[in-house]
**Student:** 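Have a look at this one before I ask anything.
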Amino acid sequence: MQKAIQSVRGMRDLLPAETPRWRLIEDETRALLAAFGYDEVRLPLLEPTTLFSRGVGESTDIVEKEMYSLQDRDGDSLTLRPEGTAGCVRLGLQHGLLFNQQQRLWYAGPMFRYERPQKGRYRQFDQIGVEAFGASDPALDAELIQFGDVLLRRLGLREQVALELNTLGSGDSRAAHREALVAYLTPLREKLDADSQRRLDRNPLRILDSKDPNTQALLKDAPRLQDFLDDASQAHFAQLCAHLDQIGISYRLNPGLVRGLDYYTHSVFEWVTDELGAQGTVCAGGRYDSLVEQLGGRSTPGAGFAIGVDRLVLLHEAVHGAWPGPALDVYATVAEPEQAGAALAFCQQLRAVVPGLRVRLDTAGGKLKNQFKRADASGARWALVLGAEEIAAGKATVKWLRESQPQAMLGLDELRQMLTTTGPG
RNA sequence: GUGGGCGUAGCUCAGCUGGUAGAGCUCCGGAUUGUGAUUCCGGCGGUCGUGGGUUCAAGCCCCCUCGUCCACCCCA
């Protein structure tokens with residue numbers, strides 16, 4: 001025996017028992033996106049590496065150590081997309097969709113980051129990205145949050161998820177605060193915990209969120225981002241909060257909420273649950289007014305968020321448990337191998353006459369007893385027997401597997417009648 | 001990248017102080033010539049994750065390594 005080949009670490013297979021739950025979440029999201037007037041785009045999985053180093057930020061964890069990069073045959077550096085926003089902006093610029101226009105776009109598919117896998121975190125993971133361009137009004141930020149609220153309600157997950165909100169202010173105010181923070185902390189460097197010492201160079205904002213009590217004590221008099229917000233930034237955020245109040249969406253202000261991607265400005269938000277362990281962020285996003293310019297376009301405001309499909313699936317499973325029902329309505333058995341051809345024909349006639357009916361024909365053969373065992377295990381509501389007698393009469397024997405109803409031999413028309421008038425089981 | 005838990009049949013797991021690898025479920029056959037979910041009988045199924053070491057003897061002890069899960073970090 002050859003050594004069995006396994007899937008790549010952190011890249012999962014989805015088995016038949018799980019895919020219906022995925023489809024439920026994908027279908028609900030797609031329907032809601034249509035209802036909000038969003039248009040679908042499809043993006044390549046592979047992009048030029050520079051798109052991400054320029055878009056996401058040179059010194060972010062994603063770019064520094066998590067990208068799957070490879071050399072193309074002509075020496076160009078390509079990267080498996082670690083997130084979707086940069087690619088979506090690239091698409092908009094390349095096709096002239098952004099300048100002086102309003103665009104509402106969405107896309108779905110896998111993203112790739114080289115991280116240590118754990119619950120809710122995988123090297124290939126699925127996102128549905130929602131992006132809106134051309135509007136700087138906080139009403140857009142509010143609508144993106146409203147979308148998340150409605151989606152979570154539709155999935156029956158709203159009670160398990162809370163909204164966290166923060167503002168980073170304009171690019172200028174963010175930079176000024178960062179400078180002041182670094183100036184304040186640098187003399188204290190030796191007293192910080194190890195993680196925060198590293199953050200001091202990379203992402204000082206995150207130090208504010210340190211779990212180390214010693215570090216927290218040192219931060220008591222640290223410069224606060226709020227004090228650096230200019231009037232316009234403050235007004236923008238106040239307006240967003242007012243909108244949310246008006247549509248009845250409650251939120252928790254979290255000054256420690258700092259998105260790890262460099263492109264965020266003004267509002268940032270996360271939908272968070274505590275039912276998934278450490279990786280509890282189920283959707284997250286914010287405004288990125290300077291990203292388009294950073295990627296070479298005319299300055300265009302934008303905002304968006306990403307839905308972590310893997311995590312929504314996990315949460316749905318944790319909250320709603322077993323799901324869904326059986327995948328079959330009818331399981332057809334064949335008495336002897338000689339009747340297989342006629343059975344193939346009969347099953348297809350049945351599918352044709354009853355649209356949507358799910359009919360599986362047993363092709364494993366063997367004793368009728370075993371075919372019935374499989375019929376039972378399949379979850380189907382009815383079993384059919386196709387044998388010499390039935391074929392000769394152009395009929396099939398129908399047996400109810402879940403209810404006590406008499407077994408009967410019926411023709412195609414009677415069968416259609418019975419199956420279409422029987423309510424859902 | 002760091003830390004901890006776990007790797008024994010297709011699945012869930014037992015396996016004592018080192019002494020001939022087990023159970024339940026699944027699957028197949030039979031009791032029942034063409035009828036499941038209950039019962040009874042029988043059967044298939046294992047390089048004990050991999051490689052090395054200690055020992056008369058290793059699933060068990062030691063070392064390496066791989067995989068997996070959870071956490072840190074970070075993020076969807």
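Each chain gets a letter, A, B and so on, in the order its sequence line appears, and its residues count up from 1. Fair warning: this is a prediction, and the values are worked out from it, not measured in the lab.
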**Student:** Would you call Arg381(A)-Glu403(A) a salt bridge at under 4.0 Å N-O?
**Tutor:**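 Yes, this pair counts.
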**Student:** Rounded to whole angstrom units, what separation is found between the CD atom of Glu389(A) and the P atom of rU33(B)?
**Tutor:**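 Interatomic distance, CD of Glu389(A) to P of rU33(B): 17 Å.
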**Student:** Between Arg30(A) and Glu28(A), does at least one N-O distance fall below 4.0 Å, as a salt bridge requires?
**Tutor:**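 Here Arg30(A) does not pair with Glu28(A) in a salt bridge, since their nearest N and O are not under 4.0 Å apart.
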**Student:** Using atom CE of Met67(A) as one end and atom P of rC75(B) as the other, report the distance to the nearest whole Å.
**Tutor:**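 Computing the Met67(A):CE to rC75(B):P distance gives 15 Å.
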**Student:** Within this structure, what is the CD-to-P distance between Gln118(A) and rC70(B), rounded to whole angstrom?
**Tutor:**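 Going from Gln118(A) (CD) to rC70(B) (P), I get 7 Å.
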**Student:** Under 4.0 Å: is that the gap between some side-chain N or O of Lys367(A) and OP1 or OP2 of rG30(B)?
**Tutor:**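 Yes.
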**Student:** For Leu386(A) and rG34(B), what is the distance between atoms CG and C1' respectively, to the nearest whole Å?
**Tutor:**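 Between C1' of rG34(B) and CG of Leu386(A): 12 Å.
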**Student:** Given the rule that a pair is Watson-Crick or G-U wobble with both distances under 3.5 Å, how would you write RNA chain B in dot-bracket, using | for pairs to a different strand?
**Tutor:** (((((((..((((.....[..)))).(((((.......))))).....(.(((..]....))).))))))))....
**Student:** Mind calculating the distance between CD (Glu270(A)) and C1' (rC74(B)) to the nearest angstrom?
**Tutor:**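 So the two atoms are 11 Å apart, to the nearest Å.
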**Student:** If you go through the side-chain atoms of Gln407(A), does one of them form a donor-acceptor pair with the base of rU35(B) closer than 3.5 Å?
**Tutor:**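 When only heavy-atom distances are counted, Gln407(A) does reach the base of rU35(B) through a donor-acceptor pair under 3.5 Å.
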**Student:** Tell me the ring pair (Phe, Tyr, Trp, His ring centres under 6.0 Å) pairs involving residues 167-191 of chain A, sequence neighbours left out?
**Tutor:**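 Listed once each, the pairs are His177(A)-Phe228(A).
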**Student:** Quote, to the nearest angstrom, the P distance that separates rA14(B) from rC61(B).
**Tutor:**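 Roughly 15 Å separates the two P atoms.
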**Student:** Indicate, yes or no, whether a donor-acceptor pair under 3.5 Å links the base of rU68(B) to the side chain of Arg9(A).
**Tutor:**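 Side chain to base: no pair below 3.5 Å.
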**Student:** Side chain of Glu390(A), base of rG34(B): donor and acceptor closer than 3.5 Å?
**Tutor:**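 Such a pair exists between side chain and base.
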**Student:** Taking atom C1' in both rU17(B) and rA23(B), compute the distance separating them and give it to the nearest angstrom.
**Tutor:**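 About 24 Å, rounded to a whole number of Å.
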**Student:** Name the closest nucleotide to the Leu261(A) side chain, picking from rU35(B), rA76(B), rC28(B).
**Tutor:**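 My answer, after comparing the listed nucleotides, is rA76(B).
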**Student:** Can you check the distance between rG22(B) and rU39(B), where both ends of the measurement are the P atom (answer in whole Å)?
**Tutor:**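 About 25 Å, rounded to a whole number of Å.
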**Student:** Can a donor-acceptor pair under 3.5 Å be found between the side-chain atoms of Arg121(A) and the base atoms of rC73(B)?
**Tutor:**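 Yes, the side chain and the base share a sub-3.5 Å donor-acceptor pair.
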**Student:** Using a cut-off of strictly less than 4.0 Å between a heavy atom of the residue and any atom of RNA chain B, enumerate the qualifying residues of residues 11-22 of chain A by number.
**Tutor:**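 Correct list: empty, so none.
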**Student:** Which one, rC28(B), rA71(B), rC75(B), comes nearest to the side chain of Arg374(A)?
**Tutor:**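 Side chain of Arg374(A) sits closest to rC28(B).
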**Student:** Mind calculating the distance between CD1 (Ile5(A)) and P (rC66(B)) to the nearest angstrom?
**Tutor:**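 To the nearest whole Å, that distance equals 19 Å.
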**Student:** Remember a base hit wins even if backbone is also touched, and classify Val282(A) as base, sugar-phosphate or nothing at under 4.0 Å, heavy atoms.
**Tutor:**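 The answer is sugar-phosphate, as Val282(A) gets under 4.0 Å only of primed atoms, P, OP1 or OP2.
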**Student:** If only side-chain N and O atoms of Arg116(A) are considered, is one of them under 4.0 Å from the OP1 or OP2 phosphate oxygen of rC70(B)?
**Tutor:**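 No.
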**Student:** Can you find a pair of side-chain heavy atoms, one from Thr79(A) and one from Glu47(A), that are under 4.5 Å apart?
**Tutor:**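 A side-chain contact under 4.5 Å is absent here.
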**Student:** Rounding to an integer number of angstrom, what distance separates rG3(B) and rC60(B) when you compare their C1' atoms?
**Tutor:**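 Pairwise C1' distance, rG3(B) against rC60(B), rounds to 26 Å.
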**Student:** With heavy atoms under 4.0 Å as the rule, sort Gly366(A) into base, sugar-phosphate or nothing.
**Tutor:**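 Gly366(A): no heavy atom of the nucleic acid under 4.0 Å.
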**Student:** Distance criterion of 3.5 Å, no angle test: do you see the side chain of Lys399(A) paired donor-to-acceptor with the base of rU35(B)?
**Tutor:**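 Flag set: donor-acceptor pair detected.
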**Student:** What is the distance, rounded to the nearest whole Å, between atom CG of Asp195(A) and atom P of rC72(B)?
**Tutor:**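 In whole Å, rC72(B) P and Asp195(A) CG are 11 Å from each other.
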